[in-house]
Novice: 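Structure incoming, see below.
Heads up: numbering here begins at 1 and tracks the sequence.
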Amino acid sequence: MANGTSQNNNRKFLIKAMHGTIHYCLEETIIHKYGREKWQECLKAFNLPPNHSFITQIKEDIDEALTIDFIFKSAEILGISLQQLFDDFGIYWCTEYAPKLYSAFYKGANTTKDMVLKLTKIHEMFGKIRETAQPPRFEYKELAPNKYEVEYISQRKLFDLYISLVKGLDVYFNNQIHIEKISENKAIMTFSHY
């Protein structure tokens with residue numbers, strides 16, 4: 001998958017891109033859960049060689065439209081719903097991938113609630129480090145102790161993926177969250193932990 005770029009004053013700017021780490025985690029998720037052969041089928045659908053790995057592009061920005069297409073097509077090849085792939089990705093990202101690569105962000109978070117409420121700050125820091133980053137932002141409205149209305153703010157419209165990532169955090173912290181999606185970008189989250 002090639003980068004989508006345009007020239008402006010001899011400087012490259014990405015036209016809506018996703019960080020390559022998303023792709024590499026997707027690769028690991030599919031290999032871990034469905035096997036290398038299924039991953040190779042996904043690669044073949046995009047005319048990529050069977051030995052291709054996104055680890056070589058982990059720090060690059062990759063065209064967002066191609067990324068979304070790749071995710072949708074991968075779910076189709078795997079014979080699962082898009083939501084199931086989101087859930088698989090969310091659990092793998094939060095329990096295996098991110099704790100290894102982004103362990104510093106987990107410091108000070110002891111529950112799903114801690115981490116969810118910290119995500120906007122994490123994304124703001126990431127945005128300062130990577131000029132091209134366009135991570136989502138979140139607004140929180142406390143409705144009661146441990147109950148929040150969470151608003152997802154992003155042009156990407158990947159709210160269902162965000163919910164899957166929150167479910168993954170819940171697995172990581174061994175908590176129990178109840179998520180009620182109330183619109184295309186809002187949910188009521190009720191946190192509990194043991």
Side-chain angles (χ1 to χ4, degrees), residues 4 13-23 25-26 29 59 61-65 67-69 71-72 75 81-99 101-194:
F13 291 94
L14 267 111
I15 306 167
K16 294 201 175 191
M18 279 193 180
H19 197 239
T21 196
I22 302 295
H23 303 77
C25 183
L26 179 66
T29 300
K59 293 184 178 184
D61 290 316
I62 299 173
D63 182 275
E64 181 178 295
T67 300
I68 304 248
D69 196 28
I71 293 168
F72 276 70
S81 69
L82 182 60
Q83 189 59 56
Q84 181 61 55
L85 184 56
F86 282 169
D87 287 348
D88 293 341
F89 179 90
I91 290 169
Y92 194 83
W93 177 276
C94 294
T95 63
E96 300 288 335
Y97 192 83
L101 261 61
Y102 305 109
S103 61
F105 293 128
Y106 280 73
K107 288 184 179 161
N110 298 309
T111 65
T112 304
K113 176 184 168 185
D114 292 344
M115 198 64 167
V116 166
L117 295 179
K118 187 176 174 175
L119 283 176
T120 289
K121 288 182 183 176
I122 291 170
H123 284 178
E124 284 172 359
M125 279 191 290
F126 191 69
K128 288 176 184 174
I129 294 167
R130 289 191 62 85
E131 185 179 299
T132 57
Q134 299 172 339
R137 292 183 308 106
F138 309 95
E139 289 187 2
Y140 311 98
K141 181 187 209 179
E142 188 172 10
L143 304 176
N146 295 318
K147 187 174 185 175
Y148 289 79
E149 179 182 288
V150 180
E151 182 177 2
Y152 168 91
I153 303 163
S154 174
Q155 294 178 351
R156 287 198 172 114
K157 300 183 191 296
L158 291 172
F159 186 50
D160 290 331
L161 175 58
Y162 164 70
I163 289 173
S164 294
L165 289 161
V166 172
K167 291 176 189 176
L169 287 171
D170 218 42
V171 171
Y172 179 82
F173 288 108
N174 194 29
N175 291 167
Q176 189 172 3
I177 189 171
H178 175 65
I179 302 171
E180 177 189 353
K181 186 176 173 184
I182 58 172
S183 76
E184 289 306 308
N185 71 327
K186 287 184 182 178
I188 305 292
M189 296 188 185
T190 307
F191 301 94
S192 63
H193 52 276
Y194 305 104

Novice: Identify the heavy atoms of Y106 and A98 that sit nearest to each other, and give their distance.
Specialist: OH-CB, 3.5 Å
Novice: Considering only heavy atoms from C-beta outward, does the side chain of I188 approach that of I179 to under 4.5 Å?
Specialist: no
Novice: Can you check whether L165 reaches L161 side chain to side chain, under 4.5 Å on heavy atoms?
Specialist: yes
Novice: With rounding to the nearest 0.5 Å, note down the distance linking SG in C25 to CH2 in W93.
Specialist: 5.5 Å
Novice: Looking only at heavy atoms, which two atoms of Y162 and V150 are closest? And how far apart?
Specialist: OH-CG1, 3.5 Å
Novice: Locate the shortest heavy-atom distance separating K181 from D160; write the atom from each residue and the value.
Specialist: NZ-OD1, 2.7 Å
Novice: To the nearest 0.5 Å, what is the distance between OG1 (T111) and CZ (F191)?
Specialist: 8.0 Å
Novice: For a side chain to side chain contact (heavy atoms under 4.5 Å, CB included) check, start with the C-alpha distance between I122 and M115, then their side-chain angles and the critical distance, and finish with the verdict.
Specialist: CA-CA 9 Å; I122 291 170; M115 198 64 167; 4.1 Å; yes
Novice: Please round to the nearest 0.5 Å and tell me the distance separating atom OG of S192 and atom CD1 of I177.
Specialist: 8.5 Å
Novice: One pair to check against side chain to side chain contact (heavy atoms under 4.5 Å, CB included): M189 and K147. What are the steps and the verdict?
Specialist: CA-CA 6 Å; M189 296 188 185; K147 187 174 185 175; over 6 Å; no
Novice: Could you tell me which non-hydrogen atom of L26 sits nearest to which non-hydrogen atom of F89, and how far apart they are?
Specialist: N-CE1, 3.6 Å
Novice: What do the steps show when you test I182 against E149 for side chain to side chain contact (heavy atoms under 4.5 Å, CB included), and what is the final call?
Specialist: CA-CA 9 Å; I182 58 172; E149 179 182 288; 4.0 Å; yes
Novice: With a 4.5 Å limit on heavy-atom distance, are the side chains of Y102 and T21 in contact?
Specialist: yes
Novice: Please check if the side chain of N175 supplies one atom and the backbone of T112 the other of a donor-acceptor pair under 3.5 Å.
Specialist: yes
Novice: Can you label the angle between the Y152 ring and the F138 ring as parallel, tilted or perpendicular, going by 30° and 60°?
Specialist: tilted
Novice: Could you tell me the separation between the NE2 atom of H178 and the CG atom of N146, rounded to the nearest 0.5 Å?
Specialist: 14.0 Å
Novice: Taking atom NZ of K186 and atom CD of E180, what is their separation to the nearest 0.5 Å?
Specialist: 13.0 Å
Novice: For residues K167 and D87, report the shortest heavy-atom separation together with the two atoms involved.
Specialist: NZ-OD1, 3.5 Å
Novice: Work out which heavy atom in L158 is nearest to a heavy atom in F86; give both atom names and the distance.
Specialist: CD2-CZ, 4.2 Å
Novice: Listed by chain and number, what are the salt bridge (charged side-chain N to carboxylate O under 4.0 Å, His left out) partners of E142, not counting sequence neighbours?
Specialist: none
Novice: If I take atom CZ from residue F173 and atom OG1 from residue T95, how far apart are they, to the nearest 0.5 angstrom?
Specialist: 11.5 Å
Novice: With side chain to side chain contact (heavy atoms under 4.5 Å, CB included) as the criterion, how do S164 and Q83 come out once you've worked through the C-alpha distance, each side chain's angles and the decisive distance to 0.1 Å?
Specialist: CA-CA 8 Å; S164 294; Q83 189 59 56; 2.9 Å; yes
Novice: Which class fits the ring pair Y97 and Y92: parallel under 30°, tilted 30 to 60°, perpendicular over 60°?
Specialist: tilted
Novice: Under a 4.5 Å cut-off applied to non-hydrogen side-chain atoms, are Y148 and K113 in contact?
Specialist: yes
Novice: Backbone N or O of F105 within a donor-acceptor pair of the K118 side chain at under 3.5 Å?
Specialist: yes
Novice: Between D69 and A65 (side chain of the first, backbone of the second, donor and acceptor by atom type, cut-off under 3.5 Å), is there such a pair?
Specialist: no
